[in-house]
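Residue numbers begin at 1 in each chain, while the letters A, B, ... track the order of the sequences.
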Amino acid sequence: MSGASNLVAMKKVVQQLRFEASINRVKVSQAAADLQQFCMQHALQDPLLTGLSSNTNPFRPQKLCSFL
Amino acid sequence: MGEMEQLRKEAESLKDQITAARKAVADATLPDTVSSTAVVGRVQLKTRKTLRGHLAKIYAMHWATDAKLCVSASQDGKLIVWDTLTTNKVNAIPLKSSWVMTCAYAPSGNMVACGGLDNMCSIYNLKGKDGNVKVMRELAAHTGYLSCCRFLSDSEIITSSGDCTCLLWDIETGTQKTTFAGHLGDCMSLAVPGDFKTFVSGACDFTAKLWDIRDSNCTHTFSGHESDVNAIAFFPNGNAVITGSDDATCKLFDLRSDQELITYQDSSIMCGVTSIAPSLSGRLILAGYDDFNVNIWDSLKAERVGVLAGHDNRVSCIGVSTDGMACCTGSWDSFLPSFSFKGQDNVMRLCKQNKQQYL
């Protein structure tokens, strides 16, 4: 019966909301600062951010060798 | 008051509680926190390789953990494993169903998976004894299309589906271990963080949800988008999630403060986001859009700092390699025949930064 299944579904919704309402939340100032710090700490290791010199770039076209 | 009415009232009250709790910790904003930080300089990525071989729309790609190989799925009915350094095709796997929408590379490199309108997730063993790549398992239980899949290991995989659920599978037995139900619309994509303990899903109910894999609970629901969430990824520190939506914006949601910290949008951008990936440090967010562009955002300052040029086709998928060195994009056929002479249909492009470009 659709009435009963609606009730079951609604109970699940309420149960889920109760769960989500109960979690601990960290202050945004802390969260934002941590995000910023992470970005700064790893900036130098981020090749898309800092670029690569050609000899460490594995995707750079290879130069041809020639016999001397 | 009937029980249904009582439950509705309780639901509304709980929603208000959650809103209040989020407000209570909102003692700052991300823009304020980074106000003294400069925007990153203009980012210019150069196309280094073009992976040609697919004969129809490329729907998905996924890097292997070795950062050299990647797998792509096309509606030409093939999964191709590429060596991105040589552009050689390591494997070209014919699929039973050509209506593929997603693919994934196992962290071990031993398997790949794909699925789509067949509602199944097919697992392929790349390291079979005789060298042939064969279907190892066909995971069937979803009642809707397979939109995304991600391996946790060689024995477990998570799938998201148009049937509004995500499933955790035991690959060996081919059976579902856990159902993650709660989304009210098609699940469009999922992402797994480095510790494999949780995952996030984006859906057509405009929300993103964070799930605990072991106890199957949804611990966070993030609202704010005004349309389908098509793309989702973890911020590299595992504490935040970035999403891309048909509402033309990307958002960053912080998991620990349980709220949106910033939106990446521009009045000139009016089309949906199809794909999203962060750079290694998280400072850059690369997002593919329906208008053929990939926009590069400064994740902290929420400013657009670059565009991936050279795309004449809709960008359907994007991935940054695990070592952060390269970004790979997959694109669709262009609808305009005038672009086809450039040979740029159905290609995957590998882009990376080269410092020398600026000298």
Side-chain angles (χ1 to χ4, degrees), chain A, chain B residues 3-4 7-8 10-11 14-15 17-18 21-22 24-30 32-34 37 40 43 45 48-49 84-85 182 217-221 235-237 239-240 254 256-259 261 279-284 286 299-300 320 323-327 350 352-358:
Chain A
M1 191 163 63
S2 68
S5 63
N6 279 347
L7 212 54
V8 168
M10 199 59 201
K11 280 189 181 158
K12 278 199 183 142
V13 168
V14 168
Q15 190 180 29
Q16 179 60 35
L17 285 169
R18 270 196 209 126
F19 189 92
E20 289 181 22
S22 69
I23 62 164
N24 284 327
R25 292 171 177 82
V26 161
K27 287 205 190 297
V28 171
S29 54
Q30 179 72 59
D34 288 350
L35 275 175
Q36 180 181 35
Q37 192 180 37
F38 187 90
C39 286
M40 300 309 199
Q41 273 176 345
H42 294 83
L44 288 179
Q45 293 112 45
D46 187 341
L48 292 179
L49 190 61
T50 59
L52 289 169
S53 59
S54 53
N55 55 1
T56 52
N57 181 346
F59 293 97
R60 187 182 169 278
Q62 302 300 305
K63 285 210 160 77
L64 295 171
C65 298
S66 55
F67 289 103
L68 298 172
Chain B
E3 194 176 357
M4 193 62 171
L7 287 170
R8 274 208 198 99
E10 191 177 353
L14 286 164
K15 282 182 194 165
Q17 265 182 58
I18 291 172
R22 285 171 171 160
V25 295
D27 60 339
T29 66
L30 183 58
D32 286 343
T33 306
V34 301
T37 306
V40 301
V43 175
L45 300 187
R48 282 297 179 196
K49 308 276 181 190
T84 60
L85 295 182
N217 284 329
C218 164
T219 57
H220 298 65
T221 299
F235 195 84
N237 71 352
N239 287 335
D254 184 84
R256 295 179 308 156
S257 57
D258 184 41
Q259 56 194 274
L261 291 193
S279 70
L280 195 87
S281 67
R283 188 63 194 267
L284 300 177
L286 296 96
S299 65
L300 297 179
V320 173
D323 62 0
M325 290 242 189
C327 146
L350 245 60
K352 15 188 16 272
Q353 265 249 47
N354 188 333
K355 215 167 194 173
Q356 291 187 329
Q357 300 301 312
Y358 303 143

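Heavy atoms closer than 4.5 Å to chain B are found in both the backbone and the side chain of A:L17. The contact between B:A11 and chain A is made by backbone and side chain atoms together, counting heavy-atom distances below 4.5 Å. Neither the backbone nor the side chain of A:K12 comes within less than 4.5 Å of any heavy atom of chain B. Residue contact with chain A, scored on non-hydrogen atoms closer than 4.5 Å, is absent for B:D32. Only the backbone of A:A43 comes within contact range of chain B, with heavy atoms under 4.5 Å apart.
Of the N and O atoms on the side chains of A:Q45 and B:S281, not one donor lies less than 3.5 Å from an acceptor on the other residue. Looking only at atom types and distance, the side chain of B:T221 has a donor-acceptor partner in the side chain of A:E20 under 3.5 Å away.
In terms of heavy-atom pairs under 4.5 Å with chain A, the best-connected choice from B:L286, B:L280, B:V34 is B:L280. Note: B:S257 leads B:P236, B:S257, B:A28, B:G282 in heavy-atom pairs under 4.5 Å with chain A. Counting heavy-atom pairs under 4.5 Å between each of B:T37, B:V40, B:N239 and chain A puts B:T37 at the top.
Taking 4.0 Å as the cut-off between side-chain N and carboxylate O, B:D27 and A:K27 do not count as a salt-bridged pair.
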Inset, instruction - Tell me, with the steps shown, if A:M40 and B:R283 meet side chain to side chain contact (heavy atoms under 4.5 Å, CB included). - result: CA-CA 8 Å; A:M40 300 309 199; B:R283 188 63 194 267; 4.3 Å; yes
Legend entry - Working for side chain to side chain contact (heavy atoms under 4.5 Å, CB included), residues B:L261 and A:V28: CA-CA 8 Å; B:L261 291 193; A:V28 171; 3.7 Å; yes
Inset, instruction - Under the side chain to side chain contact (heavy atoms under 4.5 Å, CB included) rule, what do B:E10 and A:R18 come out as? Steps first, then yes or no, please. - result: CA-CA 9 Å; B:E10 191 177 353; A:R18 270 196 209 126; 2.8 Å; yes
Inset, instruction - Check the pair A:I23 / B:D258 against side chain to side chain contact (heavy atoms under 4.5 Å, CB included), numbers first and verdict last. - result: CA-CA 9 Å; A:I23 62 164; B:D258 184 41; 4.0 Å; yes
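The CG atom of B:L30 sits 11.5 Å away from atom OG of A:S29, with the distance rounded to the nearest 0.5 Å. With rounding to the nearest 0.5 angstrom, the NE2 atom of A:H42 is 9.0 Å from the CG atom of B:N237.
With sequence neighbours left out, the salt bridge (Lys or Arg N to Asp or Glu O under 4.0 Å) criterion links B:K15 to B:E12. Under the rule for a salt bridge (Lys or Arg N to Asp or Glu O under 4.0 Å), the partners of A:D34 that lie at least two apart in sequence or sit in another chain are B:R256.
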